[in-house]
Amino acid sequence: MDYNNSLFAAAALEAPGDLALALALPAAAGHFDELHGRTLDKAPPVASQLQDQSQSQASLTQQMRQRAGAAAAPAPAPGPAAAPAARLAPDWSRFFNFLGGDGFDDLNHRTANLQRQIRDNGVTYNVYADANGPQRPWSLDLFPLLLSAQDWAQIAAGVQQRARLLERVMADVYGPQQLLALGLLPPALVQGHPGYLRAMHGVRPAGGTFLHIVAFDLARGPDGRWWVVSQRTQAPSGLGYLLENRLAISRLFPEAFRELKVQRLAASYKALVDGLKAASPARGAESRIVLLTPGPYNETYFEHAYLARYLGLTLVEGSDLLVRDDRLYLKTLQGLEPVHGLLKRVDDEFLDPLELRSDSTLGVPGLLQAIRAGNVLVANAPGSAFLESSALLGFLPALSRHLLDEPLALPSLATWWCGEQAALQAVLPRLKECVIKGTYPESGIESVIAQTLSRRELDEWAGRLVRRGEDYTVQAYLPLSQTPTWQGQRIAPRSTMLRVFAVADGAGSWQVLPGGLARLAGPNARIASMQQGGSSADVWALAESASPPRAKTGAAMGTPANGSPSAVSLAAEPGAQPRAATPARHKPPVTSRAAENLYWLGRYTERTENAIRMAQLTLQSLNGEDQSSQPLLAWLSELAVKNGLVMDSVPPATQSRRVFERSLIASLADTRTAASVGYSLGALKGAASAVRERLSQEQWHVIMRAEADFFSRCEAFSGPDHPASQALEYSSVEALAALESASGFLAAMTGAQTDRMSRDDGWRLLSTGRHIERLNTLASSLILGFETGAVFDEGGFGAILALFDSTITFHAQYQQQRDVPALLDLLVLDRDNPRSLGWVTQTLRGRLARLAENTAGAPQPVPDLAPALPDPGSWRLDDLCCPAPGAPDSEPYAGLLAQLELCCSAAFELSDTLSRRYFSHVAPDEHSLGA
């Protein structure tokens, strides 16, 4: 096809719908076309399987057992006939009508904005197989998936019904087990499944609800109907990503979002939190609910942090929690605080190393016992993994009639569990038209589409099914519907799978989140999988034309306005003035893990800033007018080695200035052999990622950009193998430009830490970490200045002022003096100078005193550590400049050096003390060891 001619023809058209038709490539044969609202080509013969539900596992099971009330789902009506003339579906036609004045010409610009927004917000989806590579940006397509009001009503009703059904199945399996006794569920699929936890049998969860979040993967078949392909109950992912998708896409198409009356999401998230609080043992607003994450290396960690921040929950890892006396506690700076609810994003087998996997470091020892005691709510209750087996889908039609006395509103794909001979014999003749899946997670096989197999491979699979039928489940192959995506010049169809979520908002009550997460397959892929390089799309569930009145304000998610009735209490008397109600203020705790990472975030921020300033100062001095000053070169060399800017094997600048300079530049972005700027930036980002839920998007954006920008600029001189390195010859000019840019980013980071973070104990530890790092670095640098004699050299004197970032202040107060006492007065004693040792020590003492004050009421109060630091109020210039008692006149600054050594040792001891007292609440003899 001649794309250019087609585009010119499209440009000559006027109606947006006609333009879309001209730019759209046709959907694949036999796939439902979302853009046109129909299947334009005749469906392949395998589509008849979808109507052959009576031959699925449910029917075969009933025939063998002759159980009453277990009929299969009715066969769907035949799909609509193919239309000869192509036209857009009504909702898509309306969508394109609201593109705005620039229409299709602006779509590439919007795509670039979308990619930039995803990158700037740090939205990532990590892949375990690529653990050593960079985090992969979340892939989001420009166009949303549109669901008509009629489609959504059917989906919502079917999903709600299935959520009720799974809850009933879970309650029976861990209770009376009547379904097993009646033969409606094979014991092999329940008790033989590794996800069935015998330790939880007979346990009624807190609040009486087993499942609080369930997700269903749906696909639209060639007949236009939606089919359930799979279900997720352990720790369904996607709630955070779909929220980010909604924020991003609604901003790019605000008019279409408004006029199409897209249903909002916020109410469902609120219902989830309210439901957890109501069901927890604390029963209400005082409930402490936390979100358990495996940690920053998990593939969906961005979502965990995003959800925790949006829902107002504390993000925790297993090491943050502790079980004592069958109760769950959170380790915080103020001591152990009770936890009443746990929203888990950790698979069940890792939850408790005492009763499940003993090698797990992700869970909490004793957690199952706390659950059995009814002292903590866990969403979802451990043991739901067997519900995720594909084989279970074949039994759900019969279970629905037995438990709910109603047929399934949303049909499942025809499914055969090969552990039953009748099912195996029924599916073997049609295996070529099916998909082979593993029944249990340890099978380790990906879905196998039999159409892609050769005759020999198909025979081999048939043999496996005969030999080990219970390990495999066969499902009818469904050609996925294809939704339009923008590909730069064309509207190209992509196969799509829809994940829909239901959340429990009360005992036996479920709310379906309007919309969901659409996962799109690649151009030549048959399976929609993010792990295999797929992308996602926002899902717009459209409301009926008569939409409810819109709130005065609120974001696309439906965020309540500040003046909502919940924030104002009206007096009962007529004519009374509104009276502001006292809001229930929840002060989020600072966990020991978060405290430690915030502390190191502060230290690495300061360390990176110091490394940048040292590298800048060194390169400028090596190429400036003082490059022949031996004391200055000696000081810079010692400083660079001590702070990891160069290896100690590199000749100092006093011996080989150019070799030293080249080594310094080559080490800037080295993260393996040197702890230079690149290494510190990476460590800074690592500490920040562990507390991402406490950082604003702007802060994270700056951190991400700082690292990316620095390494990008350093590529020009990253090593001798780089093609540009020979021309640049490790150019100090290019290196200084990279350092200057990084310095600007660091200024933004420190500004955000100072002005954009709440002054809680976590922030105080961040500030403490920064000032400990500053105290040690500046004090040790000044010691080296005296030991090398740089402080007595004109070039060295100015360099020391520059390292302390006090050059302008010194010249303003002392003009052009080169007097050492004046230098000490500003850099050591002046407590109005934030870079002086006196100011740093005084600030540290204040931070420590406040930390001790805030733990005064804790069961184990922390003593004030401030007295362990030198008191700058006792320092006197005469004492610093005078020799120590009995010292010869040649050592006039021995008193100063003693104080500087005291500052360095106090910084090290303080760091160790903080680690022992604030970052752990478990004594050594209380650690639990796995078997």
Side-chain angles (χ1 to χ4, degrees), residues 32 47 49-59 61-62 69-80 145 147-172 179 184-185 211 213-233 236 263 268 387-388 390 392-415 475-476 478 480-481 497-506 508-518 539 541-544:
F32 186 88
Q49 292 183 64
L50 305 179
Q51 302 175 18
D52 195 18
Q53 192 76 2
S54 60
Q55 297 302 314
S56 67
Q57 185 79 45
S59 177
T61 302
Q62 289 308 107
L145 172 65
L147 298 177
S148 69
Q150 295 76 17
D151 277 341
W152 177 247
Q154 295 172 2
I155 290 173
V159 166
Q160 190 179 61
Q161 179 196 51
R162 282 178 174 262
R164 290 189 290 116
L165 177 60
L166 293 184
E167 172 68 20
R168 295 283 296 274
V169 172
M170 184 87 169
D172 178 81
L179 300 179
L184 294 174
L185 270 179
L211 303 176
I213 308 174
V214 290
F216 298 91
D217 291 327
L218 279 65
R220 195 200 292 263
D223 58 358
R225 297 187 64 185
W226 287 95
W227 300 79
V228 176
V229 178
S230 61
Q231 52 206 20
R232 294 291 177 263
T233 55
Q263 298 187 48
S268 298
L387 294 174
E388 298 183 350
S390 297
L392 193 70
L393 293 175
F395 298 89
L396 289 183
L399 292 174
S400 178
R401 289 190 177 276
H402 177 77
L403 294 174
L404 304 180
D405 195 23
E406 55 191 35
L408 286 176
L410 273 180
S412 303
L413 289 181
T415 303
Q475 200 171 62
L478 176 68
L480 302 178
S481 69
M497 184 88 72
L498 172 63
R499 175 165 290 188
V500 180
F501 296 84
V503 300
D505 56 1
S509 177
W510 290 86
Q511 186 174 134
V512 181
L513 187 144
L517 180 69
V539 179
L542 309 185
E544 296 290 349

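Numbering starts at 1 and runs along the sequence shown.
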Review point. Could you walk me through whether I155 and F216 pass the side chain to side chain contact (heavy atoms under 4.5 Å, CB included) check?
Key: CA-CA 10 Å; I155 290 173; F216 298 91; over 6 Å; no

**Study point:** Stepwise side chain to side chain contact (heavy atoms under 4.5 Å, CB included) check, V214 with L387
**Key:** CA-CA 10 Å; V214 290; L387 294 174; over 6 Å; no

Exercise for review: For side chain to side chain contact (heavy atoms under 4.5 Å, CB included), just list the numbers for Q475 and V229, CA-CA rounded to whole Å, side-chain angles, deciding distance to a tenth of an Å, and then say yes or no.
Suggested key: CA-CA 9 Å; Q475 200 171 62; V229 178; 3.8 Å; yes

Check your understanding: Step by step, would you call L396 with V228 a side chain to side chain contact (heavy atoms under 4.5 Å, CB included)?
Key -> CA-CA 11 Å; L396 289 183; V228 176; over 6 Å; no

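In this structure, L542 CG and Q263 CD are separated by 8.0 Å, a value rounded to the nearest 0.5 Å.
The side-chain hydrogen bond (donor to acceptor under 3.5 Å, both in side chains) search around S390 returns none, not counting sequence neighbours. D172 is linked by a side chain to side chain contact (heavy atoms under 4.5 Å, CB included) to P176, Q178, L179, counting only residues two or more places apart in sequence or in another chain. For S481, the side-chain hydrogen bond (donor to acceptor under 3.5 Å, both in side chains) test picks out E34, with sequence neighbours left out. Taking S148 as the reference, D91, Q150, D151 meet the side chain to side chain contact (heavy atoms under 4.5 Å, CB included) condition, with sequence neighbours excluded. By the side chain to side chain contact (heavy atoms under 4.5 Å, CB included) test, A171 is found to be paired with R204, F210, residues two or more places apart in sequence or in another chain being considered. Applying the side chain to side chain contact (heavy atoms under 4.5 Å, CB included) test to R164 and every residue at least two apart in sequence or in another chain returns Q161, L404, E406, W510.
Between W226 and V500 the shortest side-chain heavy-atom distance does not fall below 4.5 Å.
If you run side-chain contact (heavy atoms from CB on, under 4.5 Å) between Q231 and each of R499, R162, E388, only R162 comes through.
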